[in-house]
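Take a look at the structure below.
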Amino acid sequence: NVEPRSVPVFPWHSLVPFLEPSQSG
Amino acid sequence: APSAPPSLSSTVAPPSLPPYFIKGSIIQLADGELKRVEDLKTEDFIQSAEISTELKIDSSTVERIEGSHTSPNFAVVQFSVGEHRAQVSVEVLVEYPFFVFGQGWSSCCPDRTTQLLELPCTKLSVGDVCISLTLKNLR
């Protein structure tokens, strides 16, 4: 017996990088 | 003069990219709508960021792309981020896809991205403007 597996759902913000300038003042 | 990319090793490392970049992955936008990763448009990110209370989209322009000193599988991409044009460098796998405004997924090595992820992808180039995220209120 094969149980149906739920399809993973990913949030949109996972797909784009979080580019944070280094805090330099 | 532009330097030629280093020849790749004959051994292919297993992909270590996040699973959500694989073609067919289901992505949930901020309004709850579900889309496949390959079907995402620029507007999807913009509208999702508008809904978000914490995140906003920045325009990050590719200033330089060069090979990594640590591994031929990696590239160092230098961005000019946001209105203040802050310089940010990231080291990523050459097949790591960035989303270019008005264009779609692009990577340093699109052939490898397509091979590993089946994600339609174009070549990331200097001058491309990528979507990146930052916090809406840092204070």
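Source: prediction; values computed, not measured. Chain A is the first sequence line, chain B the second, and so forth, proteins listed ahead of strands; every chain is numbered from 1.
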Atom group of B/Y20 that falls short of 4.5 Å from chain A, counting heavy atoms: both
Quick check on the hydrophobic clustering: are B/I131 and B/I51 connected, directly or via other members, by side-chain heavy-atom contacts under 4.5 Å? no
Which region of B/V92, side chain (C-beta onward) or backbone (N, CA, C, O), has a non-hydrogen atom less than 4.5 Å from a non-hydrogen atom of chain A, or is it both or neither? neither
Rounded to the nearest 0.5 Å, what separation is found between the CG atom of B/L29 and the NE2 atom of A/H13? 11.0 Å
Need one label for B/L55: side chain, backbone, both or neither, based on atoms under 4.5 Å from any heavy atom in chain A. side chain
Is there a path from B/I26 to B/I22 through hydrophobic residues (I, L, V, M, F, W, Y) whose side chains come within less than 4.5 Å of each other? no
Can you check whether A/L19 reaches B/S60 side chain to side chain, under 4.5 Å on heavy atoms? yes
Would you find more than 12 non-hydrogen atoms of other residues, nucleotides or ligands less than 6.0 Å from B/E33 atom CD? yes
What's the verdict on side-chain contact (heavy atoms from CB on, under 4.5 Å) for B/W105 and A/L15, showing C-alpha distance, side-chain angles and the deciding distance? CA-CA 10 Å; B/W105 296 110; A/L15 300 168; 3.8 Å; yes
What part of A/V9 gets closer than 4.5 Å to chain B, counting heavy atoms only: side chain, backbone, both or neither? both
According to a 4.5 Å side-chain heavy-atom criterion applied to Ile, Leu, Val, Met, Phe, Trp and Tyr, with indirect links allowed, do B/V76 and B/V88 form part of one hydrophobic cluster? no
Taking NZ in B/K41 as the centre, count heavy atoms belonging to other residues, nucleotides or ligands within less than 6.0 Å. Is the count above 12? no
Would you indicate whether the side-chain heavy atoms of B/F45 and A/V16 approach each other to under 4.5 Å? yes
Between B/P18 and A/F10, is there a side-chain heavy-atom distance shorter than 4.5 Å? no
Using a 6.0 Å cut-off, check whether atom CD of B/Q103 has over 12 heavy atoms from anything other than its own residue. yes
Heavy atoms, side chains only, cut-off 4.5 Å: are A/W12 and B/L133 in contact? yes
Side chain, backbone, both or neither: which part of A/P17 has a heavy atom under 4.5 Å from chain B? both
